[in-house]
Amino acid sequence: MYETYEQCKAALFAEVDEKYDNFNNPIVNCEGYPTCGVRTPVIKKLAKSVPLAARDDVLNGFFSDADLTYEIVLFAGVLAARKGEYYGQTREYISRIVPLFRSWAHVDSVTPCLSWADKSALWDDFRYLLDCEGQYEKRFYIMIMFSCCLGDEYIDKILETLRYNVAYGQYYVDMAAAWLLAECLVKYYDKTLPLFTTQVFPKFVHNKAIQKARESFRVSPDTKAYLNTLKVK
């Protein structure tokens, strides 16, 4: 168990692997923080080792640290997203940490950790992120929809949000939206298909969503062939 931020940071740096860092650095493409080469499962295990009673102190230490790395920010995000004594505490921590994200991997590693939370709370409380300028804030909300809300209850709202409320044009926003739309095509084909019979999304998002849906083993060959005819030239 690690009960202070200094202990956590020291434990994280003890797991540095320079060879792995050379491999992982171009993949995570972190903008603004250095990487040091600690694997994500190790980071998540470290976050789980922090007692919930110590979470406040550890995260407060993180927020006062000016010497951050990709891995430290990921550790803090995973720790903040853990189920605590009450959801409001988690919400406040996540709201402070998301603006510090500088990689798609920060977003995609942290959002699934919130799957325990009430869907309606997540939907409402983080909706403001779509109005932020940063692409990782927008991506975070899209991945909340993907990881935590994609189901019968929210499919109509998800499709409406993707159509009318997402400002496209940033690479990691467009990729997340395409990935989510592809999953919607797979799981809710009849509801999603009308958004592709005419072009309502930017060309990149439209075609990438079709590509990803066609790569799924859950889609029949005939459906894949038809989707291919809907690609925008």
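What you see is a predicted model, and the numbers here were worked out from it, not measured in a lab.
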task: Quick one: closest heavy-atom pair of Thr90 and Trp116, and the distance?
output: OG1-CZ2, 3.7 Å

- prompt: Do the side chain of Asp17 and the main chain of Gly37 share a donor and acceptor less than 3.5 angstrom apart?
  reply: no

query: Looking only at heavy atoms, what is the nearest atom pair of His206 and Val232, with distance?
result: CD2-CG2, 3.4 Å

message: Looking only at side-chain N and O atoms, does Tyr87 offer a donor or acceptor that is under 3.5 Å from a partner on Asp118?
response: no

message: Contact between Asn165 and Asp131 at the side-chain level, heavy atoms closer than 4.5 Å - yes or no?
response: no

Met143 side chain near Asp108 side chain, heavy-atom distance below 4.5 Å: yes

message: By the definition side chain to side chain donor-acceptor pair (under 3.5 Å), identify the one residue from Arg102, Glu31, Gln170 that meets it with Tyr136.
response: Glu31

query: Under a 4.5 Å cut-off applied to non-hydrogen side-chain atoms, are Phe62 and Leu68 in contact?
result: yes

message: I'd like to know whether Leu74 forms a side-chain contact (heavy atoms from CB on, under 4.5 Å) with Phe101, so could you lay out the CA-CA distance, the side-chain angles of the two residues, the decisive distance to 0.1 Å, and finally the verdict.
response: CA-CA 8 Å; Leu74 178 55; Phe101 287 170; over 6 Å; no

- prompt: Which atoms form the tightest heavy-atom contact between Ala47 and Leu79, and what is the distance?
  reply: O-CD1, 3.6 Å

message: Any heavy-atom pair between the side chains of Thr4 and Asp57 that's under 4.5 Å?
response: no

- line: dist Leu227:CG -> Ile210:CD1 (nearest 0.5 Å) comes out at 6.0 Å

- request: Look up atom NZ in Lys44 and atom SG in Cys113, then write down how far apart they are to the nearest 0.5 Å.
  value: 5.0 Å

query: Under 4.5 Å between side-chain heavy atoms, hopping through other hydrophobics if needed: is there a path connecting Val78 to Leu52?
result: no

field: Nearest-0.5 Å distance, CG of residue Leu195 to CD of residue Glu160
entry: 11.0 Å

task: Output yes when a side-chain donor or acceptor of Lys224 lies under 3.5 Å from a complementary backbone atom of Arg214, and no otherwise.
output: yes

field: Sub-4.5 Å side-chain heavy-atom contact between Thr69 and Phe13
entry: yes

- prompt: Can any side-chain N or O of Lys138 pair as donor or acceptor with the backbone N or O of Cys132 at less than 3.5 Å?
  reply: yes

message: If we count only N and O atoms by modelled type, under 3.5 Å, do the side chains of Tyr172 and Asn29 hold a donor and an acceptor together?
response: yes

Residues Tyr33, Val28; criterion side-chain contact (heavy atoms from CB on, under 4.5 Å); working and verdict: CA-CA 11 Å; Tyr33 304 127; Val28 300; over 6 Å; no

- prompt: Which distance, rounded to the nearest 0.5 Å, do you find between the CZ of Arg55 and the CG of Asn60?
  reply: 11.0 Å

- prompt: Is there a side-chain contact (heavy atoms from CB on, under 4.5 Å) between Leu162 and Met145 once you walk through the steps?
  reply: CA-CA 10 Å; Leu162 289 171; Met145 291 192 287; 4.1 Å; yes

message: For Cys36, is there any backbone N or O sitting under 3.5 Å from a side-chain donor or acceptor partner on Glu71?
response: yes

message: What's the separation between atom NZ in Lys83 and atom CD in Gln89, rounded to the nearest 0.5 Å?
response: 13.5 Å

- prompt: Hey, is the main chain of Tyr20 close enough, under 3.5 Å, to the side chain of Asn24 for a donor-acceptor pair?
  reply: no

message: Count I, L, V, M, F, W, Y as connected when their side-chain heavy atoms are under 4.5 Å apart, and connections chain through other members. Are Val42 and Phe23 then in the same cluster?
response: yes

message: What I want to check is whether the side chains of Asp152 and Tyr188 have a donor and an acceptor closer together than 3.5 Å.
response: yes

message: Treating Ser115 as the side-chain partner and Pro112 as the backbone partner, does any N or O pair qualify as donor plus acceptor under 3.5 Å?
response: yes

task: Could you tell me whether Glu18 atom CD has more than 12 heavy atoms of other residues or ligands within 6.0 Å of it?
output: no

query: Between Lys119 (side chain) and Leu150 (backbone), is there a donor-acceptor pair under 3.5 Å?
result: no

field: Tyr168 and Phe201 aromatic ring geometry - parallel, tilted or perpendicular at 30°/60° bounds
entry: perpendicular

query: Are Tyr70 and His106 near enough that their ring centres are under 6.0 Å apart?
result: yes

message: For the OG1 atom of Thr192 and the CD atom of Glu183, what is their distance to the nearest 0.5 Å?
response: 10.0 Å

task: For Tyr171, look at atom OH and say whether over 12 heavy atoms of other residues, nucleotides or ligands are found less than 6.0 Å away.
output: no

task: Answer yes or no: does atom NZ of Lys48 have more than 12 heavy-atom neighbours from other residues, nucleotides or ligands under 6.0 Å?
output: no

message: Check whether Ser147 reaches the backbone of Ile144 with its side chain - one donor and one acceptor, N or O, closer than 3.5 Å.
response: no

task: Report yes if the side chains of Arg96 and Leu59 come closer than 4.5 Å at any heavy-atom pair, otherwise no.
output: no

message: Between Tyr141 and Trp123 (judged by ring centroids, cut-off 6.0 Å), do the two rings come close enough to count as a pair?
response: yes

- prompt: Looking at side-chain heavy atoms only, is the closest gap between Tyr226 and Ser220 below 4.5 Å?
  reply: no

statement: Correct closest heavy-atom pair for Ile155 and Cys184 would be CD1-SG, 3.7 Å

field: Closest non-hydrogen atom pair, Ser49 against Tyr2
entry: OG-CD1, 3.2 Å

message: Between Met175 and Phe204, is there a side-chain heavy-atom distance shorter than 4.5 Å?
response: yes

- prompt: Do Leu230 and Leu193 pass the side-chain contact (heavy atoms from CB on, under 4.5 Å) test, and can you show the C-alpha distance, the side-chain angles, and the key distance before you say yes or no?
  reply: CA-CA 10 Å; Leu230 301 178; Leu193 184 63; 3.7 Å; yes

query: For the side chain of Arg82 and the backbone of Val50, is there at least one donor-acceptor N/O pair under 3.5 Å apart?
result: yes

- prompt: Which pair of non-hydrogen atoms, one from Ile142 and one from Leu180, has the smallest distance, and what is that distance?
  reply: O-CD2, 3.8 Å

